[in-house]
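In the text below, chain A, chain B and the rest are named by the order of the sequence lines, each starting its count at 1.
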Amino acid sequence: MSSAALPSVLRIASWNVNSVRLRLPHLERLIRAQDPDVICLQETKVIDVLFPAGVLADWGYPYQALSGMKSYNGVAILSRWPLEDVQRVSWCGRDDCRHVSARVAFAGSPQGSVEVHCLYVPAGGDIPDPEVNPKFAHKLAFLREVEQWFLACRGYHDAMVLTGDFNVAPLPSDVWDHKKMSRVITHTPVEILHLQRLQDSVRWIDSARTFVPPSEPLFTWWSYRQQGDAWQTSNRGRRLDHLWITEPLAAAQAGFEVVRDARGWEPPSDHAPVVLTLRTP
DNA sequence: ATGGTAGATCCTCTA
C-alpha cells in the first residue's frame, strides 16, 4: 500500500456497552453522531458466532476482531478499514476475553499503521484488600502482567493506541469525591500505582488529559444504582474509560470527546463512549 | 451502616 492510499484521519471510539446485542440501536446512534473509523467495545457478553456481525458490517464496519464469551466480559474491534495481525490475548492464565488487538492503516503514523489494543480490566470486587479479596488480587496481577508485556514486547517508538474500560480512575479529578473514593475500588492508591506503572511501560500518553486539563473533573461512568436521571443531576461519576496513545501519534491528536449524552440513551449502558480524532500533521 | 440497579442465565454471578 502506498502512503497516498493510507487514511489521513482516524477516529477511534471506545465503549463499554454492557451487552452488545441489547445496545445495538445505541451503537447505530453513536455511529451516526460520531462517524468513527474504529470502534472498540467492552462487555459484549456474547460468543463470537452470535455477535451481530452482519448488522455492523451493513453499518460500515466489515472488519471485525472478536473475542467473546457467554454472559461475561468480551471485547471487539470494529473497523471501516482492514484489520491486520489480530491477536486475542489471555492474562493471568484465564481465557476470559478481556484483550484483543489489531493493526489498522494510518498515514499519520511513522510506521504507516497503528496497533490498537482494546482492553477490559477486571473490576476487582468490593473489598480493597488483595489478601482477602481474590478479585482485587486478580485485578492488580492483571495490570502487572499487561505492564510487563508492553515492557518486554513493545517500545515507546511503536505507534499504538491502548483503550477500553480500565476500571481505574487515576486522578483526583477523575472521581466526584477524591477523599471518599480513596477507599473505594477504582480509586484506591494501590490500583492507581499499578495503572501508573502500566502507563510508564511505553510512556503512554493519557489523550483525554491532553485536551481536558487534569484539574477539571472528567467522568465516563455513572452507576446504575441511582434513580432516574440522578446520575446527571448528582453527577457522581468516575473516569474509568481511557484512550492512551504512544509518542509517535502525539502530534496527530486533533480532538477528544466523552459522548456523555449516550449515558442517557434508554436503556443505557453505565459507561459513556470516548472518541479520539487522529489527523495526519 | 446499608442498599441502591442492570445484564445474562440456570434460580446466582458479576459489575
Side-chain angles (χ1 to χ4, degrees), chain A residues 14-27 29-30 40-52 66-76 90-99 118-130 132-143 163-170 174-177 179-188 190-191 194-195 219-242 260-274:
Chain A
S14 177
W15 196 8
N16 180 324
V17 284
N18 190 14
S19 171
V20 68
R21 288 179 291 181
L22 198 62
R23 235 62 75 184
L24 264 181
H26 308 58
L27 269 173
R29 199 164 165 183
L30 179 75
C40 295
L41 301 176
Q42 303 86 39
E43 284 208 84
T44 55
K45 294 188 170 179
V46 66
I47 56 174
D48 294 347
V49 292
L50 294 179
F51 191 91
L66 308 179
S67 180
M69 61 188 282
K70 191 168 156 181
S71 298
Y72 304 113
N73 311 334
V75 286
S90 295
W91 301 110
C92 303
R94 306 185 191 195
D95 286 324
D96 55 359
C97 303
R98 293 178 178 276
H99 187 175
C118 175
L119 190 68
Y120 176 48
V121 176
D126 292 325
I127 304 163
D129 180 354
V132 300
N133 174 9
K135 289 181 190 171
F136 193 53
H138 175 226
K139 180 180 196 174
L140 298 180
F142 184 102
L143 287 167
T163 188
D165 176 3
F166 296 179
N167 266 314
V168 180
D174 291 335
V175 292
W176 64 278
D177 186 321
K179 198 173 172 186
K180 277 199 177 78
M181 296 297 300
S182 290
R183 292 184 302 273
V184 176
I185 285 184
T186 62
H187 196 60
T188 64
V190 66
E191 293 166 87
H194 278 68
L195 191 71
F219 309 143
T220 66
W221 177 90
W222 295 261
S223 173
Y224 280 130
R225 297 173 186 180
Q226 302 171 83
Q227 302 281 12
D229 66 348
W231 72 270
Q232 204 166 12
T233 50
S234 68
N235 197 28
R236 297 183 170 186
R238 310 177 199 174
R239 187 170 70 110
L240 304 181
D241 303 273
H242 299 269
R260 199 177 192 276
D261 288 357
R263 180 59 180 79
W265 297 347
E266 294 291 336
S269 167
D270 44 356
H271 294 257
V274 294

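The CH2 atom of Trp222(A) sits 17 Å away from the C1' atom of dA15(B) (whole-angstrom rounding). Trp265(A) has its CH2 atom 19 Å from the P atom of dA6(B), to the nearest Å. Between Lys139(A) atom NZ and dT14(B) atom P the separation is 15 Å, expressed in whole Å. In this structure, the CG atom of Leu50(A) is 12 Å from the P atom of dA8(B), given to the nearest Å. Rounded to an integer number of Å, the gap from Asp270(A) CG to dG4(B) P is 17 Å. Separating the CZ atom of Arg94(A) from the C1' atom of dT14(B) is a distance of 12 Å, rounded to the nearest angstrom. In this entry the distance linking CG of Asp126(A) with C1' of dG3(B) reads 12 Å, nearest Å. The CE-P distance, from Met69(A) to dT14(B), rounds to 10 Å in whole Å.
For the pair Asn73(A) and Pro268(A), nearest-nucleotide mapping onto DNA chain B gives the more 5' position to Pro268(A). Residue-to-nucleotide proximity on DNA chain B shows that, of Asn16(A) and Leu22(A), the 5′-proximal contact is made by Leu22(A).
Using modelled atom types, one finds no donor on one side chain facing an acceptor on the other under 3.5 Å when comparing Ser223(A) with Gln226(A).
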Could you list, one pair per line, each protein nitrogen or oxygen that sits under 3.5 Å from a nitrogen or oxygen of nucleotides 9-13 of chain B, together with the distance?
{"from": "dC10(B)", "atom 1": "OP1", "to": "Lys70(A)", "atom 2": "NZ", "distance (Å)": "2.7"}

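Here the NE2-SG distance, from His99(A) to Cys118(A), works out to 8.0 Å after rounding to the nearest 0.5 Å. To the nearest 0.5 Å, atom CG of residue Asn235(A) and atom CZ of residue Phe219(A) are 5.5 Å apart. Distance CG/Asn167(A) to NZ/Lys139(A): 5.0 Å, rounded to 0.5 Å. Note that NE2 of His271(A) and CZ of Arg238(A) are 10.0 Å apart. Values are rounded to the nearest 0.5 Å.
Phosphate proximity of dG7(B) to Arg23(A): present, with a side-chain N or O under 4.0 Å from OP1 or OP2. A close approach under 4.0 Å does occur between a side-chain nitrogen or oxygen of Arg98(A) and OP1 or OP2 of dA15(B).
Comparing the C1' positions of dC11(B) and dG7(B) gives a spacing of 15 Å, expressed to the nearest Å. Comparing the P positions of dA15(B) and dT9(B) gives a spacing of 16 Å, expressed to the nearest Å. Taking the P atoms as reference points, dT14(B) lies 26 Å from dA1(B), given to the whole Å.
Using a distance-only test at 3.5 Å, with no hydrogens or angles considered, a donor-acceptor pair links the side chain of Ser269(A) to the main chain of Asn16(A).
More than 12 heavy-atom neighbours from other residues, nucleotides or ligands sit within 6.0 angstrom of CZ on Arg260(A).
Here the side chain of Tyr120(A) is nearest to one of dA6(B), dA15(B), dG4(B), namely dA15(B).
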